Amino acid sequence: WRSFEVKTTVTVADHQGTTRIWLPLPDVDTGYQRSIDNAWSGNATSARIVSDVARGVRMLHAEFAASVREPTLVLVSRVQTRNRAVDWTRPAAVREDPALLRTCLAPTELMPVDGIVRKTALAATRGASGDLEKTRAIYRWVVANAHREPKVRGCGTGDIRTMLETDNLGGKCADLNAVFVGLCRAAGIPARDVYGVRLAPSSFGYRELGANPASLKGAQHCRAEVFLRQYGWVAMDPADVLKVMRQETKEWIKDPKHPIVAPVMKGLFGSWEGNWLAYNTAHDVRLPGGAGKASLPFLMYPQGENTSGRFDELSPDTFRYTISAREVAI
């Protein structure tokens with residue numbers, strides 16, 4: 001296990017009227033992560049942990065009165081993480097809550113499981129039998145047909161129907177892993193996105209698979225999981241395979257068998273590195289107490305609003321937030 005202290009600091013220069021801020025919390029406790037505790041400070045009028053109960057996601061919500069000249073919120077979260085890898089040589093029947101599995105087969109606002117998504121899933125898994133073989137076929141299909149598009153803002157939105165209908169499968173992690181998750185769901189395999197942030201350099205030896213802990217601006221990353229009947233929840237990350245192919249070298253590598261790509265192609269089917277923190281697995285998230293009624297496709301970035309409207313979470317220099325991490329002893 002590795003222990004991290006993760007610090008998120010938000011300072012709002014535009015203090016028009018009441019200001020509200022929502023920060024994602026490490027809200028996952030599994031075999032690969034222990035979410036220890038959270039502490040916050042600043043000049044908020046009120047601050048508390050709230051939930052979007054329907055989606056099962058918690059967040060820190062702070063509100064600042066109009067009289068607060070420079071709203072400031074600091075969140076310090078402590079977590080423990082470790083590498084995870086499935087042992088493919090030891091299958092065993094695994095039980096899971098049927099209600100959770102139904103949720104992980106259901107459509108979301110941007111991830112339908114019918115129409116072109118279902119059609120694509122059937123084509124990608126043609127000839128495959130069993131959930132493991134079908135998952136492998138979808139993983140390979142995503143790597144072969146999608147690509148990392150560096151020009152996409154943030155991590156993308158995960159609008160997979162539009163991606164498939166326009167035959168434009170370029171995107172970032174929240175797009176590319178959403179395609180993988182959506183195709184798995186459409187093929188009858190429970191799957192989910194896991195939203196988080198990279199915390200440290202990669203010991204895997206790849207620049208693009210790590211982060212600078214002193215400044216985690218832009219280090220948000222979405223991973224994926226599938227539930228296989230004989231293995232339980234299994235780690236997946238085709239988006240990071242595509243990131244290595246596009247950005248690890250000056251050359252855009254298009255062959256997954258290339259010696260630089262082959263280790264991640266194999267390694268990210270069933271494994272994750274523990275230099276990453278998971279926030280949640282929620283789609284279509286609503287911000288409790290927010291003025292806007294529209295839901296977010298996911299909660300992975302700080303969110304804020306005041307009387308001038310919703311802040312741009314993908315612009316940390318204007319929204320003015322920083323995220324950093326340091327390895328500690330817990």
Side-chain angles (χ1 to χ4, degrees), residues 6 8-12 14 21-27 52 55 57 59-60 75 108-111 142 146-163 166 168-182 192-199 207-213 215-224 237-248 275-287 290 292 294-305 309-325:
V6 184
T8 302
T9 303
V10 180
T11 304
V12 180
D14 176 16
I21 294 172
W22 297 263
L23 299 182
L25 298 172
D27 202 27
D52 177 346
R55 301 302 178 190
V57 57
M59 64 202 80
L60 175 63
L75 167 67
T108 71
E109 290 182 15
L110 295 179
M111 185 192 295
V142 172
H147 66 273
R148 168 87 174 184
E149 179 44 71
K151 295 181 181 179
V152 168
R153 296 190 75 217
C155 289
T157 61
D159 185 356
I160 69 171
R161 173 183 284 149
T162 298
M163 293 174 71
T166 60
N168 180 4
L169 293 178
K172 295 274 189 74
C173 58
D175 300 311
L176 303 172
N177 279 338
V179 171
F180 173 77
V181 168
R192 60 191 179 191
D193 293 290
V194 190
Y195 298 102
V197 62
R198 303 184 204 268
L199 301 177
R207 181 188 68 253
E208 293 295 334
L209 302 187
N212 172 15
S215 177
L216 299 177
K217 182 169 64 176
Q220 287 86 355
H221 179 57
C222 164
R223 289 178 165 174
D237 200 342
D240 260 357
V241 179
L242 293 166
K243 187 176 188 183
V244 167
M245 294 173 74
R246 183 68 185 266
Q247 293 181 217
E248 188 67 23
N275 65 336
W276 171 87
L277 170 156
Y279 287 129
N280 58 71
T281 62
H283 291 265
D284 304 340
V285 178
R286 295 190 178 276
L287 299 176
S295 61
L296 301 172
F298 48 78
L299 180 63
M300 185 164 50
Y301 292 87
Q303 301 289 326
E305 67 180 23
R310 183 68 55 85
F311 303 147
D312 182 358
E313 75 272 21
L314 302 183
S315 182
D317 294 326
T318 55
F319 183 10
R320 293 179 59 186
Y321 65 82
T322 62
I323 306 174
S324 61

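Note that the coordinates shown come from a computational prediction; the quantities given were computed from them, not determined experimentally.
Rounded to the nearest 0.5 Å, atoms OG1 (T157) and CG (L296) are 12.0 Å apart. One distance of note links CD1 of I21 with OH of Y321; it measures 12.0 Å at 0.5 Å rounding. To the nearest 0.5 Å, atom CG of residue L169 and atom CD of residue E149 are 12.0 Å apart. Distance check: S315 OG to K217 NZ gives 9.0 Å after rounding to the nearest 0.5 Å.
Between L199 and P213 there is no side-chain heavy-atom pair separated by less than 4.5 Å. Between V241 and V142, the closest side-chain pair of non-hydrogen atoms is not below 4.5 Å. The closest side-chain heavy-atom distance from K243 to L176 is not below 4.5 Å. Side-chain contact between L287 and M59 is present, with heavy atoms from C-beta onward closer than 4.5 Å. When side chains are defined from C-beta on, L25 counts as touching L75, because their heavy atoms get closer than 4.5 Å. No side-chain heavy atom of M245 sits under 4.5 Å from any side-chain heavy atom of R148. No side-chain heavy atom of W22 sits less than 4.5 Å from a side-chain heavy atom of D52. Contact check for R310 versus Q303: side-chain heavy atoms found under the 4.5 Å cut-off.
Looking at Y279, its side chain never comes within 3.5 Å of a backbone N or O of Y301 through a donor-acceptor pair. Side-chain N or O atoms of E248 include one that pairs as donor or acceptor with a backbone N or O of E208 at under 3.5 Å. With D284 contributing its side chain and E109 its backbone, the two residues share a donor-acceptor pair below 3.5 Å.
A search for side-chain hydrogen bond (donor to acceptor under 3.5 Å, both in side chains) contacts involving N177 returns D237, not counting sequence neighbours. Considering only residues two or more places apart in sequence or on other chains, Y195 meets the ring-ring contact (aromatic ring centres under 6.0 Å, His included) condition with H283, F298.
Contact detail for M300 and Q220: the closest heavy-atom pair is O-CG, 3.5 Å. Scanning both residues, C173 and A239, for their nearest heavy atoms gives CA-CB, 3.8 Å. Here the closest heavy-atom approach between residue A178 and residue D193 is recorded as N-OD1, 3.7 Å. In plain terms, the two heavy atoms of G154 and L314 that are nearest each other are CA-CD2, 3.8 Å. Closest of all the heavy-atom pairs between P26 and L277 is CG-CD1, 3.8 Å. The two residues P150 and Q247 have their closest heavy-atom pair at CG-OE1, 3.6 Å.
Every pair tested for salt bridge (Lys or Arg N to Asp or Glu O under 4.0 Å) that includes a residue from residues 168-180 fails, sequence neighbours excluded, so the list is empty.
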> Between H221 and D240, does a side chain to side chain contact (heavy atoms under 4.5 Å, CB included) hold up when you go through it step by step?
Replying inline: CA-CA 9 Å; H221 179 57; D240 260 357; 3.3 Å; yes
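Heavy atoms of other residues, nucleotides or ligands lying less than 6.0 angstrom from CZ of R161 number 12 at most.
A side-chain donor from one of T162 and D159 sits under 3.5 Å from a side-chain acceptor of the other.
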